[in-house]
2 protein chains.
Amino acid sequence: MAEYSPARYVVLGLIARHGAMTPYELKARVEDDIQPFWPILHAQLYRIPPELAQAGLLREEAETTGRRRRIFHLTDAGRAALARWLADPDTPEAETRDPAQLKLFFADLGDPSDIVALANRQAARHRTWLAHYTSLRADLAPAEDSRQRSRARLLRLGVLHERAHAEFWESIAADPEQLDDPVSRPPSRPSP
Amino acid sequence: MAEYSPARYVVLGLIARHGAMTPYELKARVEDDIQPFWPILHAQLYRIPPELAQAGLLREEAETTGRRRRIFHLTDAGRAALARWLADPDTPEAETRDPAQLKLFFADLGDPSDIVALANRQAARHRTWLAHYTSLRADLAPAEDSRQRSRARLLRLGVLHERAHAEFWESIAADPEQLDDPVSRPPSRPSP
DNA sequence: GAAGGTATGGTCTCAATGAGACCGTGTCAA
DNA sequence: TTGACACGGTCTCATTGAGACCATACCTTC
C-alpha cells in the first residue's frame, strides 16, 4: 500500500517538520539524522523533490538569480500522503547489508587469523558508533516536545544496536573458536 | 580494495564451500543462510556467475539437453580472489534500511495512536525472527568443524540483534510517550 | 585587493541493482 | 492424462548507486 518509496517520505517528512527547504539542506538533515536507518545518496535528494512536485506533493519555488536555489514547499496533498503513510502500521521488512557478517560467515574458507583482525576492526567501529550515539543522547535536551522524543527513541535503539554488535564482535575477537556459548549469559557480565 | 561486489563473493564462497552449483541452487542457499545480512535477488544469481566466468573466476559447464542447466565450478583464480577478500579486514560500513524506524522517526507528524500499532507489529515480527534463529541454533549439531561454527556465530548475532530490537519495540508499545528511560536499565528486568 | 580555500548549491552520466513478469522441463499423484 | 508443483532459467524496464563535474558566494590572509 506504500504509494511511494521510503526515500520520498523522508523528503516529505523533513519538509513537513522543518518547513520549505532546498535539496542541499535536505542532504544535510539526512546525513545528520536519517543515514543510520535509511541511507540516501545526495544525488537522490536532487532527483526526488522535482518528481514529487510533478506529482503535486511539493511546490517548487525557484530563484532565477544568484545561486538559483530551488526551494520546495509541502502541499496539502503532500501532507495527506505523509499522514497516510504514517498511519499504515504494515511496513516492509528491514534490510541489512553487512560485509563484515559476510566475511565472518565464510571465515572457514580463509586463514584462521583473518577472523581476529576482522573482529577487532568491527568491535572498534561499533564502539565508536556507540560512543557517538551515547554522546548525542546526553546532549539532547530532556524537552517534553514530541520531536525531541522521536529523536531520543531512535538514539536509544541505536545505542542498543551498537552495544549488541560491539559485544558480539568483542566476544569473537576474544574467542575466535567460540568453544563456549556466550549468548545464554547476560551481556557485560563475564562468567567468573 | 574490494575487487568485486559482496554479492560476487557470496557466489564464490558458496561454490567454494559446497562445490559446483547451478544458479538455482545458489538461490536456495542464499535464501536459507545469507538473506539476513546480505539480500540478493534471484535474478542477480543468474547474472553474476556468467560474469564471473567471463572474468575467469568460475568455469561454466552447460548442459545442452533436457533442462539445460548451467553448472559453475570454481577456478584457482576464483579461489585466490576469495582468499584475498577474506584476508582483508577493512570492510565497508554495514547499511540498514528499516522503514519502521523511519516511521518512528517521523511519528510526531502523525497520529499518536499510529506509533502503538507500528510498535506492536514490529515487536511481533522481531519475536518471530528471534524464535526462528533460536530454533535453528537448537537444531545445529554441536559439531566441532569450522563450518558449523561459522553458522553458529552468525546465528548468535541474529539472536542478539532480534532480541535487542524486539525489546526495543516492546518498550515503545508499552510506553509510547517514553517518559522514562529504559536504556540504562538491564533488559528483561522491568523496574518494580 | 587579489588569491586561494571552503562551504554552498546543483547537474549529469554510466553502471548496477531492484522488481517482477514470463517461459519452458521434468516428476508425481490423483 | 492432466494438473500441480518443483526445477531451472531469461528478459525487460525503472530505480538507485557511485561519483565526476560545474558554478557561485563568502571568508581569510598575504
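Naming: A, B, ... by sequence-line order, numbering from 1 per chain.
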Q.
Please give me every residue in residues 17-31 of chain B whose heavy atoms get under 4.0 Å of an atom in DNA chain D, ordered by residue number.
A.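 Result for residues 17-31 of chain B: B:Thr22, B:Pro23, B:Tyr24, sorted by number.
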
Q. Which residues, if any, of residues 43-54 of chain A bring a heavy atom under 4.0 Å of DNA chain D?
A. A:Ala43, A:Gln44, A:Arg47

Q | Spacing of A:Leu41 atom CG relative to D:dC21 atom C1', expressed in whole Å | A | 16 Å

Q. Looking at residues at least two apart in the chain, or sitting in another chain, which of them share a side chain to side chain donor-acceptor pair (under 3.5 Å) with A:Arg147?
A. none

Q: Could you verify whether a donor N or O on one side chain and an acceptor N or O on the other, from A:Gln148 and A:Arg151, lie under 3.5 Å apart?
A: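 No, no side-chain donor-acceptor contact under 3.5 Å.
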
Q: Indicate whether any N or O donor in one side chain lies under 3.5 Å from an N or O acceptor in the other, for B:Gln122 and B:His165.
A: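 There is no such pair (donor and acceptor under 3.5 Å, judged by atom type) between the side chains of B:Gln122 and B:His165.
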
Q. With no hydrogens and no angle check, is any side-chain donor or acceptor of A:Arg149 less than 3.5 Å from a backbone partner on B:Glu177?
A. yes

(Q) Quick check on C:dT17: is either OP1 or OP2 less than 4.0 Å from any side-chain nitrogen or oxygen of A:Arg97? (A) no

Q) OP1 or OP2 of D:dT16 less than 4.0 angstrom from a side-chain nitrogen or oxygen of A:Arg8, does that happen here? A) yes

Q) When Ile, Leu, Val, Met, Phe, Trp and Tyr are grouped by side-chain heavy atoms lying under 4.5 Å apart, directly or through other members, which residues fall in the same group as B:Tyr24? A) B:Tyr46

Q | Any residue meeting salt bridge (charged side-chain N to carboxylate O under 4.0 Å, His left out) with A:Glu25, in chain and number order, not counting sequence neighbours | A | A:Arg29

Q. Can you tell me how far the OH atom of A:Tyr9 sits from the CG atom of B:Leu102, to the nearest 0.5 Å?
A.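 Answer rounded to 0.5 Å: 11.0 Å.
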
Q) Which heavy atom of A:Trp169 sits nearest a heavy atom of A:His126, and at what distance? A)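 Minimum heavy-atom contact is CD1-CD2, 3.6 Å.
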
(Q) So which atom in B:Leu12 and which in B:Leu52 form the shortest heavy-atom distance, rounded to 0.1 Å? (A) CD2-CD1, 4.0 Å

Q) the helix from C:dG1-D:dC30 to C:dA30-D:dT1: angle between its terminal axes, five pairs each, to 10°? A)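 The end-segment axes of the helix from C:dG1-D:dC30 to C:dA30-D:dT1 are tilted 10° relative to each other.
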
Q) Out of C:dG10, C:dA19, C:dA21, which has the shortest distance to the side chain of B:His42? A) C:dA21

Q: Check each of B:Thr128, B:Leu160, B:Leu155 against B:Tyr133 using the side chain to side chain contact (heavy atoms under 4.5 Å, CB included) test, and report the only one that passes.
A: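 Between B:Tyr133 and the candidates, side chain to side chain contact (heavy atoms under 4.5 Å, CB included) is satisfied uniquely by B:Leu155.
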
